[in-house]
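Note sheet for the following structure.
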Amino acid sequence: MAEVERAERKLGYRLPQLLRRIYTEIGDGGFGPEGGLASLTPRRVPHWYEPDWPCATTIHAERPGWGASASWFFLTGGGCTMQWHVSLIAVDHPVLLWDAGGWEPDWDQDPHDGLRYAAPSLRQWLWTWADGGNVWDEVLAQPE
(Lines give C-alpha, C1' and ligand atoms only; values in the text may rest on other atoms or scores of the structure.)
Protein backbone atom coordinates (compact mmCIF):
# COMPACT_ATOMS: atom_id res chain seq x y z
CA MET A 1 0.00 0.00 0.00
CA ALA A 2 2.91 2.36 0.68
CA GLU A 3 4.01 2.13 -2.98
CA VAL A 4 0.46 2.85 -4.18
CA GLU A 5 0.21 5.89 -1.92
CA ARG A 6 3.64 7.11 -3.00
CA ALA A 7 2.61 6.78 -6.64
CA GLU A 8 -0.64 8.63 -6.00
CA ARG A 9 1.24 11.50 -4.37
CA LYS A 10 3.60 11.67 -7.34
CA LEU A 11 0.71 11.57 -9.82
CA GLY A 12 -1.48 13.97 -7.89
CA TYR A 13 -4.46 11.66 -8.38
CA ARG A 14 -5.87 8.63 -6.61
CA LEU A 15 -5.77 5.38 -8.58
CA PRO A 16 -9.07 3.64 -9.31
CA GLN A 17 -9.94 1.15 -6.58
CA LEU A 18 -9.53 -1.76 -8.98
CA LEU A 19 -5.94 -0.72 -9.79
CA ARG A 20 -5.19 -0.18 -6.11
CA ARG A 21 -6.30 -3.77 -5.46
CA ILE A 22 -4.30 -5.12 -8.40
CA TYR A 23 -1.11 -3.40 -7.28
CA THR A 24 -1.54 -4.36 -3.61
CA GLU A 25 -3.03 -7.85 -3.91
CA ILE A 26 -1.61 -9.26 -7.16
CA GLY A 27 1.65 -7.55 -8.03
CA ASP A 28 3.52 -4.52 -9.32
CA GLY A 29 2.64 -4.94 -12.98
CA GLY A 30 4.09 -7.36 -15.49
CA PHE A 31 0.81 -9.15 -16.26
CA GLY A 32 -2.29 -8.21 -18.21
CA PRO A 33 -3.11 -6.98 -21.72
CA GLU A 34 -0.42 -6.05 -24.21
CA GLY A 35 2.44 -7.76 -22.41
CA GLY A 36 1.57 -6.55 -18.94
CA LEU A 37 0.64 -3.54 -16.87
CA ALA A 38 3.38 -1.06 -16.09
CA SER A 39 5.02 -1.06 -12.69
CA LEU A 40 4.38 1.64 -10.11
CA THR A 41 8.06 1.79 -9.29
CA PRO A 42 11.06 1.90 -11.62
CA ARG A 43 12.78 -1.46 -11.82
CA ARG A 44 15.53 -2.84 -13.94
CA VAL A 45 15.70 -6.15 -15.68
CA PRO A 46 18.88 -7.68 -17.10
CA HIS A 47 19.86 -5.76 -20.24
CA TRP A 48 20.30 -8.96 -22.20
CA TYR A 49 16.69 -9.95 -21.51
CA GLU A 50 14.67 -6.88 -22.51
CA PRO A 51 14.58 -3.15 -21.85
CA ASP A 52 13.62 -1.80 -18.45
CA TRP A 53 10.02 -2.55 -17.56
CA PRO A 54 7.92 0.59 -18.00
CA CYS A 55 7.07 2.56 -14.90
CA ALA A 56 3.65 4.24 -14.95
CA THR A 57 4.71 7.04 -12.61
CA THR A 58 7.68 8.16 -14.70
CA ILE A 59 6.24 7.81 -18.21
CA HIS A 60 5.29 11.52 -18.43
CA ALA A 61 8.70 12.71 -17.31
CA GLU A 62 10.30 10.81 -20.20
CA ARG A 63 8.42 12.89 -22.78
CA PRO A 64 8.11 16.45 -21.47
CA GLY A 65 5.99 18.80 -23.53
CA TRP A 66 4.07 16.22 -25.53
CA GLY A 67 2.99 13.46 -23.19
CA ALA A 68 -0.49 12.41 -22.30
CA SER A 69 -2.53 14.40 -19.80
CA ALA A 70 -1.52 13.96 -16.14
CA SER A 71 -5.01 12.63 -15.42
CA TRP A 72 -4.38 9.68 -17.74
CA PHE A 73 -2.57 6.85 -15.99
CA PHE A 74 -0.26 4.82 -18.23
CA LEU A 75 -1.28 1.16 -18.20
CA THR A 76 0.93 -0.41 -20.86
CA GLY A 77 2.35 0.12 -24.32
CA GLY A 78 0.32 -0.81 -27.37
CA GLY A 79 3.11 -1.01 -29.92
CA CYS A 80 4.81 1.69 -31.99
CA THR A 81 3.53 5.02 -30.68
CA MET A 82 0.38 3.58 -29.06
CA GLN A 83 -0.20 3.62 -25.31
CA TRP A 84 -3.07 2.35 -23.16
CA HIS A 85 -4.16 4.72 -20.39
CA VAL A 86 -6.97 4.87 -17.87
CA SER A 87 -8.67 8.10 -16.92
CA LEU A 88 -8.16 8.89 -13.25
CA ILE A 89 -10.92 11.51 -13.19
CA ALA A 90 -13.76 10.29 -15.44
CA VAL A 91 -16.66 8.26 -14.06
CA ASP A 92 -16.00 4.48 -14.28
CA HIS A 93 -12.39 5.17 -15.35
CA PRO A 94 -12.60 4.55 -19.10
CA VAL A 95 -9.59 3.09 -20.87
CA LEU A 96 -8.09 5.21 -23.60
CA LEU A 97 -5.80 4.29 -26.46
CA TRP A 98 -3.46 7.17 -27.16
CA ASP A 99 -1.35 7.47 -30.26
CA ALA A 100 1.60 9.73 -29.47
CA GLY A 101 2.04 10.21 -33.22
CA GLY A 102 -1.67 10.85 -33.83
CA TRP A 103 -1.64 14.60 -33.30
CA GLU A 104 0.37 17.53 -34.65
CA PRO A 105 1.06 20.56 -32.45
CA ASP A 106 2.06 22.62 -35.50
CA TRP A 107 -1.54 22.23 -36.74
CA ASP A 108 -2.99 23.60 -33.47
CA GLN A 109 -3.77 20.09 -32.27
CA ASP A 110 -3.19 18.86 -28.74
CA PRO A 111 -2.64 15.40 -27.24
CA HIS A 112 -6.41 14.81 -27.12
CA ASP A 113 -6.38 14.57 -30.93
CA GLY A 114 -4.44 11.30 -30.63
CA LEU A 115 -6.95 9.81 -28.19
CA ARG A 116 -9.56 7.09 -28.74
CA TYR A 117 -11.79 5.47 -26.16
CA ALA A 118 -11.06 1.77 -25.91
CA ALA A 119 -13.44 0.64 -23.18
CA PRO A 120 -16.06 2.38 -21.03
CA SER A 121 -14.34 1.20 -17.86
CA LEU A 122 -11.09 -0.24 -16.58
CA ARG A 123 -13.07 -3.17 -15.24
CA GLN A 124 -14.47 -4.00 -18.69
CA TRP A 125 -11.07 -3.63 -20.40
CA LEU A 126 -9.43 -6.00 -17.90
CA TRP A 127 -12.38 -8.40 -18.02
CA THR A 128 -12.12 -8.59 -21.82
CA TRP A 129 -8.48 -9.61 -21.48
CA ALA A 130 -9.07 -12.02 -18.58
CA ASP A 131 -11.91 -13.69 -20.47
CA GLY A 132 -9.65 -14.30 -23.48
CA GLY A 133 -11.03 -11.46 -25.59
CA ASN A 134 -9.14 -8.91 -27.66
CA VAL A 135 -8.81 -5.47 -26.01
CA TRP A 136 -8.35 -3.96 -29.48
CA ASP A 137 -11.80 -5.01 -30.76
CA GLU A 138 -13.80 -2.07 -29.41
CA VAL A 139 -11.27 0.60 -30.32
CA LEU A 140 -10.76 -0.79 -33.84
CA ALA A 141 -14.53 -0.91 -34.42
CA GLN A 142 -14.76 2.89 -34.03
CA PRO A 143 -14.88 4.98 -37.20
CA GLU A 144 -11.81 7.11 -37.89
Side-chain angles (χ1 to χ4, degrees), residues 1-104 109-144:
M1 186 54 74
E3 291 299 326
V4 169
E5 291 169 350
R6 185 176 299 119
E8 289 173 337
R9 282 190 304 276
K10 185 173 184 178
L11 295 166
Y13 294 94
R14 185 175 167 96
L15 294 178
Q17 188 61 34
L18 178 57
L19 269 183
R20 292 177 116 239
R21 289 193 64 200
I22 288 170
Y23 283 117
T24 59
E25 297 177 24
I26 298 173
D28 188 20
F31 62 91
E34 294 298 308
L37 298 177
S39 174
L40 286 181
T41 57
R43 57 184 163 146
R44 301 199 49 90
V45 295
H47 72 279
W48 51 267
Y49 180 66
E50 62 182 70
D52 293 342
W53 192 255
C55 175
T57 58
T58 59
I59 201 76
H60 295 289
E62 294 172 0
R63 299 183 181 118
W66 65 274
S69 167
S71 66
W72 307 345
F73 180 77
F74 177 79
L75 293 170
T76 188
C80 296
T81 61
M82 302 286 206
Q83 299 175 349
W84 297 94
H85 293 261
V86 62
S87 172
L88 299 178
I89 58 175
V91 174
D92 292 331
H93 306 289
V95 173
L96 315 155
L97 181 63
W98 185 60
D99 184 354
W103 64 283
E104 180 56 56
Q109 293 179 337
D110 65 32
H112 285 90
D113 290 304
L115 177 69
R116 295 180 73 179
Y117 280 88
S121 71
L122 175 64
R123 184 173 304 280
Q124 181 178 331
W125 187 73
L126 287 170
W127 183 260
T128 297
W129 167 77
D131 200 35
N134 186 343
V135 294
W136 286 90
D137 285 350
E138 190 164 335
V139 74
L140 293 177
Q142 296 174 22
E144 289 289 326

How long is the span from the [atom1] atom in [X] to the [atom2] atom in [Y], to the nearest 0.5 Å?
{"X": "Leu88", "Y": "His93", "atom1": "CG", "atom2": "NE2", "value": "7.5 Å"}
{"X": "Thr76", "Y": "Phe31", "atom1": "OG1", "atom2": "CZ", "value": "11.0 Å"}
{"X": "Met1", "Y": "Thr24", "atom1": "CE", "atom2": "OG1", "value": "4.5 Å"}
{"X": "Leu40", "Y": "Asp28", "atom1": "CG", "atom2": "CG", "value": "5.0 Å"}
{"X": "Cys55", "Y": "Lys10", "atom1": "SG", "atom2": "NZ", "value": "6.0 Å"}

Exercise. Of all heavy-atom pairs between Val135 and Trp84, which one has the smallest distance, and what is that distance?
Worked result: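 Closest approach of Val135 to Trp84, heavy atoms only: O-CH2, 3.5 Å.
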Exercise. Which residues pass the side-chain contact (heavy atoms from CB on, under 4.5 Å) test with Ile89, sequence neighbours left out?
Worked result: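 By the side-chain contact (heavy atoms from CB on, under 4.5 Å) rule, Ile89 matches Tyr13, Ser71, Ser87.
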For this session: Return the set of residues passing side-chain hydrogen bond (donor to acceptor under 3.5 Å, both in side chains) with Glu34 (not counting sequence neighbours), or none when no residue passes.
Result: Trp136
Exercise. Do Arg20 and Glu25 meet the salt-bridge criterion of a basic N to acidic O distance under 4.0 Å?
Worked result: no
For this session: Go through the steps for Tyr117 and Leu97 under the test side-chain contact (heavy atoms from CB on, under 4.5 Å), then give the verdict.
Result: CA-CA 6 Å; Tyr117 280 88; Leu97 181 63; over 6 Å; no
Problem set entry | Side chain to side chain, Thr57 and Phe74, heavy atoms closer than 4.5 Å |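 Thr57 vs Phe74: side chains apart.
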For this session: Report the C-alpha distance between Trp72 and Val86 in whole Å, list the side-chain angles of each, state the deciding distance to 0.1 Å, and finish with yes or no for side-chain contact (heavy atoms from CB on, under 4.5 Å).
Result: CA-CA 5 Å; Trp72 307 345; Val86 62; over 6 Å; no
Side-chain donor-acceptor pairs of residues 118-129 under 3.5 Å, sequence neighbours excluded:
{"from": "Ser121", "atom 1": "OG", "to": "Gln124", "atom 2": "N", "distance (Å)": "3.0"}
{"from": "Gln124", "atom 1": "NE2", "to": "Glu138", "atom 2": "OE1", "distance (Å)": "3.3"}
{"from": "Thr128", "atom 1": "OG1", "to": "Gln124", "atom 2": "O", "distance (Å)": "2.9"}

